[in-house]
Amino acid sequence: MTQPTPVFVRTAPTPARAAPLAERRPLWRLLFGDMVSAAMTLIGLLGLAWMLPHLLSWAVINGVWTGGGDECRQAGACWAFLAQKYPQILFGIYPPAEHWRPIAVCTLILGLGLWSLAPRNWTKLTLGLWVGGMLCSLVLMGGGVLGLKSVPTSAWGGLPVTLLLTVWSLGLGFPLAVLLALGRRASLPVPRYLSIGIIELIRGLPLLSLLFIASILLPIMLPDGVTIDKLARALAAMVLVSAAYIAEVLRGGLQAIPKGQTEAAEALGLNWAQTTRLIVLPQAIAKVIPPLTSTVIVMVKNTSLVLVVGLFDLLSAGRAALADPDWPAPFAETYLLIALIYFILCFSISRYARWLEMRMSKGNRR
């Protein structure tokens with residue numbers, strides 16, 4: 001006679017287990033753990049010991065902190081140039097008497113960015129604040145209303161242009177990227193092939209060529225008397241590029257979603273729009289945070305290419321400041337300042353994305 005298989009019945013909840021401790025390697029093992037690491041560490045220390053005295057002599061000991069161009073010609077770093085030219089580097093040729101307006105725009109954009117970092121603030125209110133804030137930024141920069149002096153876009157420059165182009169290109173490009181990514185995976189041939197054609201065409205062209213098309217060919221194609229502002233033309237090119245690249249990133253995330261997720265949503269009675277908005281897209285975005293971050297950082301740095309359409313971003317404004325004949329053109333100091341600003345922006349984005357990725361992956365870790 002066959003014995004019945006014993007059945008285990010749980011009568012009490014299993015106590016929660018402590019999270020595994022993260023493995024940490026001592027610093028000395030990272031630097032001198034093997035022969036290759038030890039050799040590279042020693043080479044780095046020797047190089048640093050050789051460069052550090054020269055760098056200190058140039059930047060600190062012989063550096064010029066006050067004065068004019070004559071004091072900088074036979075000295076080290078010309079920090080006095082930055083002290084006098086930083087308004088032009090940060091704001092381009094914007095009228096000096098109106099510098100409070102680009103300062104307000106930069107403060108507004110950075111403030112909205114800090115407000116949006118906390119996940120609890122990802123609400124419709126935040127979206128409305130961003131839309132209203134960006135429209136207010138355009139009003140502040142352009143003027144012509146509410147008693148503000150009108151300033152053409154040809155006079156805009158520096159950090160506000162970099163921030164505005166970045167936010168507008170990503171803000172307008174992301175919804176378009178979602179449509180392109182969903183269209184590329186659609187079962188209907190028309191939206192699928194149309195999305196594939198747009199994505200591959202834009203990704204196959206350098207941004208520089210698109211900016212040339214926007215600045216040279218587009219005005220020729222327009223009827224007589226019809227003109228489009230060059231800032232809008234540059235923004236249109238950057239929106240298309242950001243949408244194409246973000247669409248491919250999102251497509252990778254959509255492919256990683258198991259089919260059972262959509263089948264479960266259908267079983268619950270959700271339609272396609274609800275399934276996509278509430279279940280598929282949030283999971284897809286969470287899976288592609290690293291490549292999405294890389295795309296955002298690339299778009300921040302791509303704003304330096306708008307010089308070809310006559311706009312002066314942060315890098316272009318720094319180059320224009322160096323053209324002053326009264327100064328010995330301190331390229332290193334100017335580009336160090338610009339590089340520091342770009343580094344702060346890009347590094348902050350990458351660290352926040354890292355934190356966000358770890359927060360969203362808590363449920364998947366064992």
Side-chain angles (χ1 to χ4, degrees), residues 116 122 124 126-128 130-131 134 165-214 217-218 221 228 232-300 302-303 305 349 353 356-357 360:
S116 305
W122 297 349
K124 293 181 179 179
T126 300
L127 178 61
W130 270 107
V131 174
M134 296 311 297
L165 286 175
T166 301
V167 174
W168 276 104
S169 61
L170 293 174
L172 297 177
F174 192 85
L176 180 58
V178 172
L179 295 177
L180 291 174
L182 294 175
R184 185 159 190 168
R185 290 175 52 82
S187 57
L188 298 176
V190 174
R192 184 172 70 251
Y193 290 122
L194 182 61
S195 300
I196 292 174
I198 294 175
I199 292 173
E200 297 302 330
L201 176 64
I202 299 301
R203 292 176 70 237
L205 294 174
L207 175 57
L208 195 61
S209 64
L210 292 176
L211 290 173
F212 272 118
I213 292 174
L217 294 183
L218 185 59
M221 298 168 59
I228 300 178
R233 283 180 273 162
L235 179 60
M238 295 191 66
V239 167
L240 291 176
V241 171
S242 66
Y245 280 91
I246 293 176
E248 281 298 278
V249 172
L250 293 178
R251 183 171 70 92
L254 293 173
Q255 290 177 338
I257 303 300
K259 189 177 181 181
Q261 296 285 317
T262 57
E263 293 175 348
E266 293 174 358
L268 293 174
L270 299 180
N271 56 33
W272 178 86
Q274 293 173 328
T275 302
T276 302
R277 181 173 61 89
L278 300 176
I279 297 176
V280 175
L281 275 180
Q283 296 185 71
I285 294 174
K287 290 179 179 294
V288 296
I289 289 179
L292 195 60
T293 304
S294 299
T295 305
V296 172
I297 292 175
V298 168
M299 292 308 300
V300 173
N302 277 345
T303 57
L305 299 177
I349 294 172
L356 192 61
E357 181 187 7
M360 290 186 171

Lys259: which residues meet the side chain to side chain contact (heavy atoms under 4.5 Å, CB included) condition with it, sequence neighbours left out?
Thr262, Glu263
Kindly write out the residues that satisfy side chain to side chain contact (heavy atoms under 4.5 Å, CB included) with Val167, not counting sequence neighbours, or none if the list is empty.
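Applying side chain to side chain contact (heavy atoms under 4.5 Å, CB included) to Val167 gives Ile109, Trp130, Met134.
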Hey, what do you get for CG (Leu127) to CH2 (Trp122), rounding to the nearest 0.5 Å?
14.0 Å
What closest approach, in Å, do Lys287 and Ala256 show between heavy atoms, and which atom pair accounts for it?
CD-CB, 3.7 Å
On a heavy-atom basis, which atom in Leu211 and which in Leu305 lie closest, and how many Å separate them?
CD1-O, 3.3 Å
When the side chains of residues 179-204 are checked against the rest of the protein, which donor-acceptor pairs come out under 3.5 Å, sequence neighbours left out?
from: Arg184; atom 1: NH1; to: Glu200; atom 2: OE2; distance (Å): 3.0
from: Arg184; atom 1: NH1; to: Glu248; atom 2: OE2; distance (Å): 2.8
from: Arg184; atom 1: NH2; to: Glu200; atom 2: OE2; distance (Å): 3.1
from: Arg192; atom 1: NH1; to: Ala186; atom 2: O; distance (Å): 3.1
from: Arg192; atom 1: NH1; to: Ser187; atom 2: O; distance (Å): 3.1
from: Ser195; atom 1: OG; to: Pro191; atom 2: O; distance (Å): 2.8

Would you list the atom pairs, donor with acceptor, under 3.5 Å between side chains in residues 236-247 and any protein atom, with sequence neighbours excluded?
from: Ser242; atom 1: OG; to: Ser169; atom 2: O; distance (Å): 3.0
from: Ser242; atom 1: OG; to: Met238; atom 2: O; distance (Å): 3.1
from: Ser242; atom 1: OG; to: Val239; atom 2: O; distance (Å): 2.9

Do the side chain of Trp168 and the main chain of Leu235 share a donor and acceptor less than 3.5 angstrom apart?
no
Please tabulate, one pair per line, all N/O donor-acceptor pairs under 3.5 Å involving side-chain atoms of residues 274-284, not counting sequence neighbours.
from: Gln274; atom 1: OE1; to: Asn271; atom 2: N; distance (Å): 3.2
from: Thr275; atom 1: OG1; to: Asn271; atom 2: O; distance (Å): 2.8
from: Thr276; atom 1: OG1; to: Trp272; atom 2: O; distance (Å): 2.9
from: Gln283; atom 1: NE2; to: Gln261; atom 2: OE1; distance (Å): 2.9
from: Gln283; atom 1: NE2; to: Ile279; atom 2: O; distance (Å): 3.1

Any residue meeting side chain to side chain donor-acceptor pair (under 3.5 Å) with Thr126, in chain and number order, not counting sequence neighbours:
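Side chain to side chain donor-acceptor pair (under 3.5 Å) check on Thr126 returns Trp115.
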